[in-house]
Amino acid sequence: MQSDSIIDKIKKLEKHVLALEGTPTTRKMIQGKIQAYCENFIQNLKEGIAFNAIHEDACGFYDYPICENGYSLDEVLDLFDRSVDKPGLNAASGRHLAYVPGGGVPTAASGDYLAAITNKYAGVFFAGPGAVRIENQMIQFCANAIGYTGNYGGNLASGGSVANLIAIAAGRDAHKIKGANYHKTVIYGSKHMHHCVDKSIRITGLKECIYRDIPLDDKFRMDVGILSKQIKTDLSVGLAPFMVIASAGTTNCGVIDPVNEIANVCEKFKLWLHVDAAYGGLFCLLEEEKAKFKGIERADSIVVDPHKALFLPYGLGVALVKNVEHLLKSQFYEADYMQDAIENRNEISPAELSPELTKHFRGLRMWLPLQIHGVAPFKSAMREKLLLTKYYCDELRKINNIRIVNEPELSIFAYRYEDPSKSKKENNSINKRLVEEIHRDGKVFLSSTTIEGEVCLRIAILSFRTHLFEIDLAINEIKTKLGAMTINS
Ligand SMILES: Cc1ncc(COP(=O)(O)O)c(C=O)c1O
């Protein structure tokens, strides 16, 4: 009698749970509406603005608290449109020319869809041999692009910050840096290093080490002469130099540190060389650009971000380590309940090289676009961005009182309005106002930075949707806003 009532209850619950699966009809309806929304979104990108500074609508969610029985898809999509899609930056837009864009190729979204529906377990070879092999193939693709061969290893992380964290932890463990040594261990970096690297240093416990901020040369690159001298000085007073962090494409200026010379220094003094190439590294896919990155393959660890220069949607950064043993030493763990997986281990699994066990099968969002399109259109997009950057720089030079702060090496550079009759402070406020004015109508989205106390504008041309049209628009915005600003008052 009692078991009957349990069975009745189970069946009743089962019926209710079926709603989570839906039926072919409801799934088709939901997919159809989502698909139509996305199609409309893509078709409006060219004409739509890049930035909407009004953010009050982003509070619309508060009127739709999570409830027992949900809302209609139409209501939810409308809410998404008003409260998520419209406010703030449109990062998918080709007019997004700030920070480090990428755009988000649609076939990567199809990869995410496949990954989510199949829910293949990509953490461990035993559970998802094909998934793990795809992830390893994507790591191989990035490793080969930067010139790693042999016994390298890597991990597909959620982005550049986490990839840097994995790499720096690997360096720490390879050099057996323990708390007891922190007070005499030295790390060398530079001012234009991305702040996530500093964060990684802290999270890995290395913030208690001595940190040397190596000055930049006149091209904003790490000064190798000073680095070398500083290491010698540190050794002479009994300190223990450990790691040098170089950038291959700085966020501020898109500048590449002299990696080969830095590698010479690291080799001489037996230091771990980490290169944060999150932004720039994948430009190595272009044969004609490789010389700029000379020596990058000598680094002990490198980060590249496919959600930047490979134009994928946010959520993919790659940590690469020259000797996979170092990464294994840093991340490999065993557990009794994982014993079946350990015994069936034909290829190294992502879980053995990363803090993550269960993870998003993110390799698919890179693999599918590369499978469908091939590499050629990605390379063309990169080449287009490099030429657009040169074009933008040439056009800026024609504008009165615009100074190019650094000559573009890749597709990011800084520039600034500078009236010689005004003080640095006055010119700084003009540049701040210029960015604010550009943000106000949001036709294009540019960002500012401060270099040596000077407020500058910077452009980052890296969306696959940025073409000549968008760059002409940006030039026109600079001219129009400067013309409208009462600079002489
Ligand atoms: C050079 C560099 N390193 C690291 C990062 C951090 O990457 P993410 O934002 O993917 O965490 C960025 C982001 O712009 C970057 O430009």
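Note that ligands are numbered from 1 as they come in the structure, with each ligand's atoms numbered from 1 the same way. Please read all numbers here as calculations on a predicted model, not as lab measurements.
Heavy-atom contacts from other residues, nucleotides or ligands closer than 6.0 Å to NZ of K120 number 12 or fewer. The 12-atom threshold is not exceeded at NZ of K184, counting heavy atoms of other residues, nucleotides or ligands nearer than 6.0 Å. Within 6.0 Å of NZ on K46 lie more than 12 heavy atoms contributed by other residues, nucleotides or ligands. No more than 12 heavy atoms of other residues, nucleotides or ligands lie within 6.0 Å of NZ in K294, so this atom counts as exposed by the packing criterion. Residue F141 qualifies as enclosed at atom CZ: its count of foreign heavy atoms under 6.0 Å is above 12. Heavy-atom contacts from other residues, nucleotides or ligands closer than 6.0 Å to CD of E287 number 12 or fewer.
Listed by number with element, the atoms of ligand 1 under 4.0 angstrom from any heavy atom of A278 are 2 (C), 3 (N), 4 (C). Every atom of ligand 1 is numbered from 1 in the order shown, and the set under 4.0 Å from a heavy atom of G249 is 1 (C). Against a heavy-atom cut-off of under 4.0 Å, D305 is close to the following atoms of ligand 1: 7 (O), 10 (O). Each of the following atoms of ligand 1 lies closer than 4.0 Å to a heavy atom of G159: 10 (O). Near C196, with a cut-off below 4.0 Å to any heavy atom, the atoms of ligand 1 are 4 (C), 6 (C).
Remark: minimum distance from atom 16 (O) of ligand 1 to any protein heavy atom is reached at T251 OG1, 2.9 Å. When only non-hydrogen protein atoms are considered, atom 9 (O) of ligand 1 lies nearest to K308 NZ, 3.8 Å. Protein heavy atom nearest atom 11 (O) of ligand 1, with residue, atom name and distance: S161 OG, 2.6 Å. Ranking the protein heavy atoms by distance from atom 3 (N) of ligand 1 puts D276 OD2, 2.6 Å first.
In this comparison of G317, A248, G281, G160, the heavy atom closest to atom 8 (P) of ligand 1 sits on G160.
Outside the 6.0 Å centre-distance limit, the rings of F242 and Y188 are not counted as a close aromatic pair.
Between N164 and ligand 1, a contact under 3.5 Å exists for no N or O pair. Below 3.5 Å of separation, one finds no N or O of Y279 facing any N or O of ligand 1.
Residue contacts with ligand 1: M193 is excluded, as none of its non-hydrogen atoms falls under 4.0 Å. Under the 4.0 angstrom criterion for non-hydrogen atoms, S158 is not in contact with ligand 1.
Across all their heavy atoms, I54 and P87 have their closest contact at O-CB, 3.9 Å.
Remark: E437 does not engage K432 in a salt bridge, criterion side-chain N to carboxylate O under 4.0 Å.
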